[in-house]
Number of protein chains: 2
Amino acid sequence: MTISSPEIKQRMAHFEQVCRTSGIKLTHQRIEIFREIAQKGDHPSAEMVYRGVRKRMPTVSLDTVYRTLWLLKDLDLVTMLESAHEKARFDARLSPHHHFVCMSCGLTQDLNCKEFDNLKPPKSAKALGQALITHVEVRGICFKCAEKEKTASDKTGR
Amino acid sequence: MTISSPEIKQRMAHFEQVCRTSGIKLTHQRIEIFREIAQKGDHPSAEMVYRGVRKRMPTVSLDTVYRTLWLLKDLDLVTMLESAHEKARFDARLSPHHHFVCMSCGLTQDLNCKEFDNLKPPKSAKALGQALITHVEVRGICFKCAEKEKTASDKTGR
DNA sequence: TTAGGTGCAAATTCTTTGCACCCTG
DNA sequence: CAGGGTGCAAAGAATTTGCACCTAA
């Protein structure tokens, strides 16, 4: 999937604005790396971004791509699929169920919900393949992390 | 979360039966590794399983834990959270949307669905923390992989 | 000008593999 | 007893880090 040109422009403008606001330097590398993600809708990996950017800028290094990607993520300019950084985790429960994932510490807890169990894949999924499982992931902040953040903000005032 | 004793027994029985059916040897290591996952509901990582099993069997090696975990997964005796093996993947689309993930090749495609957008976190999530985002992941087989499997089965007859 | 950013190469972390010995069936 | 399974140590893959040079503001 390729993103339409006005949409890309808007994304680039937003990117530049956020960088300025955050006092982050607008380097060639950062611009090209962000553009690479902004103009592609196929959820590229760091390696894929690297290869794409190298076409236009043959000297970028892979580690700059990584540093920039995490930076963009911290600035909420991109989102991440699959919790990279996370190790594989296993579950012996085979019956369908859902998850609550803490966005701060990554703790994953089972979530039982009849309503979710009964969700049917939408028509739009039919265009992509054969849908088998509909799994809901509720993301939020677990109580332990909420407590921690509260304590921290009491100190920093932030 | 600890799993109730009858439930564990049932899981162990199922495990032993599947191993026999598949002609997989029931070694001490495999039994203890499966038990470790079966009796815990907290989605342990390979490292955590390793530490748990070592208490009862100090000589197991981490690589046996890994080999056994992937084996259990192949036998559909355990499921995996977070697509380990997968690299981090990025997305510049910030508006909420959902995903169709191919269970065979891992291809992730955006899925638009108003019904999913409007899903509210269930009451049971309130007990775990503050819910912020409800994300649906439809898992299935994409057309490309379905085609591949079809071609393969034409040959193997499986 | 100068602090933050980059490239390089080496380090880390998680996971996999080759090989000789061991144990289940 | 035979062939799959295991432990060890070493290899791989993805990501991170230290350091000296570079460049946007």
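Residue numbering restarts at 1 for every chain, and letters A, B, ... go by the order of the sequence lines. Only this structure's heavy atoms are used, side chains among them; waters, hydrogens and symmetry mates stay out.
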Check your understanding: Ser45(A) near the nucleic acid: base, sugar-phosphate alone, or nothing, with a heavy-atom cut-off under 4.0 Å?
Key -> nothing
Any side-chain N or O of [X] under 4.0 Å from OP1/OP2 of [N]?
X: Arg30(A); N: dT6(C); answer: yes
X: Gln29(B); N: dG7(D); answer: yes
X: Ser61(A); N: dG7(C); answer: yes

I'd like to check [X] versus [Y] (side-chain heavy atoms, cut-off strictly below 4.5 Å). Are they in contact?
X: Val138(A); Y: His98(A); result: no
X: Leu81(A); Y: His43(A); result: yes
X: Leu94(A); Y: Val78(B); result: no
X: Val136(A); Y: Leu119(A); result: yes

Review point. Where do Asp42(B) and Lys40(B) land on the salt bridge (charged side-chain N to carboxylate O under 4.0 Å, His left out) test, with the steps shown first?
Key: CA-CA 6 Å; Asp42(B) 63 349; Lys40(B) 303 257 270 164; 3.6 Å; yes
Practice item. Please give the angle, rounded to 10 degrees, between the axes at the start and the end of the helix from dT1(C)-dA25(D) to dG25(C)-dC1(D), where five pairs define each axis. Key: 40°
Table of protein N/O atoms under 3.5 Å from nucleotides 11-13 of chain D N/O atoms:
none

Point to revise | Given dG7(D), dC8(C), dT15(C), the nucleotide with the shortest approach to the side chain of Ala46(B) | key: dT15(C)
Review point. Out of dG7(D), dG7(C), dA14(D), which has the shortest distance to the side chain of Tyr66(A)?
Key: dA14(D)
**Study point:** Listed partners of Arg67(B) passing side chain to side chain donor-acceptor pair (under 3.5 Å), at least two apart
**Key:** Asp63(B)
Distance-only donor-acceptor hits, side chain of residues 21-32 of chain B, under 3.5 Å, sequence neighbours excluded:
residue	atom	partner	partner atom	Å
Thr21(B)	OG1	Gln17(B)	O	2.7
Ser22(B)	OG	Val18(B)	O	2.6
Thr27(B)	OG1	Arg30(B)	N	3.3
Arg30(B)	NH1	Lys25(B)	O	2.8
Glu32(B)	OE1	Arg35(B)	NE	3.3
Glu32(B)	OE1	Arg56(B)	NH1	2.2
Glu32(B)	OE2	Arg35(B)	NH2	3.2

**Study point:** Any donor-acceptor N or O pair under 3.5 Å, side chains Asp117(B), His97(B)
**Key:** no
Separation of atom [atom1] in [X] from atom [atom2] in [N], rounded to whole Å:
X: Tyr50(B); N: dT13(C); atom1: OH; atom2: P; answer: 16 Å
X: Met57(A); N: dT6(C); atom1: CE; atom2: C1'; answer: 11 Å
X: Arg51(B); N: dC14(C); atom1: CZ; atom2: C1'; answer: 13 Å
X: Leu71(B); N: dT17(C); atom1: CG; atom2: P; answer: 14 Å
X: Lys73(A); N: dT15(D); atom1: NZ; atom2: C1'; answer: 13 Å
X: Leu62(A); N: dA10(C); atom1: CG; atom2: P; answer: 16 Å
X: Ile31(A); N: dT6(C); atom1: CD1; atom2: C1'; answer: 14 Å
X: Leu69(B); N: dC14(C); atom1: CG; atom2: P; answer: 15 Å

Check your understanding: Between CD1 of Ile3(B) and CD1 of Ile8(B), what distance do you get to the nearest 0.5 Å?
Key -> 7.0 Å
Point to revise | Distance (rounded to the nearest 0.5 Å) between Phe90(B) CZ and Met80(A) CE | key: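 Phe90(B) atom CZ to Met80(A) atom CE measures 5.0 Å (nearest 0.5 Å).
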Point to revise | Residues forming a ring pair (Phe, Tyr, Trp, His ring centres under 6.0 Å) with Phe15(B), sequence neighbours excluded | key: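 Scan of Phe15(B) (ring pair (Phe, Tyr, Trp, His ring centres under 6.0 Å), adjacent residues dropped) gives Phe34(B).
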Check your understanding: When every nucleotide of nucleotides 19-25 of chain D is labelled 5' to 3' by its protein contacts under 4.0 Å (heavy atoms), B for base, S for sugar-phosphate only, - for none, what sequence of letters results?
Key -> -----BS
Point to revise | Worked verdict on Arg11(A) versus Glu7(A) for salt bridge (charged side-chain N to carboxylate O under 4.0 Å, His left out) | key: CA-CA 6 Å; Arg11(A) 288 178 178 182; Glu7(A) 173 72 23; 3.0 Å; yes
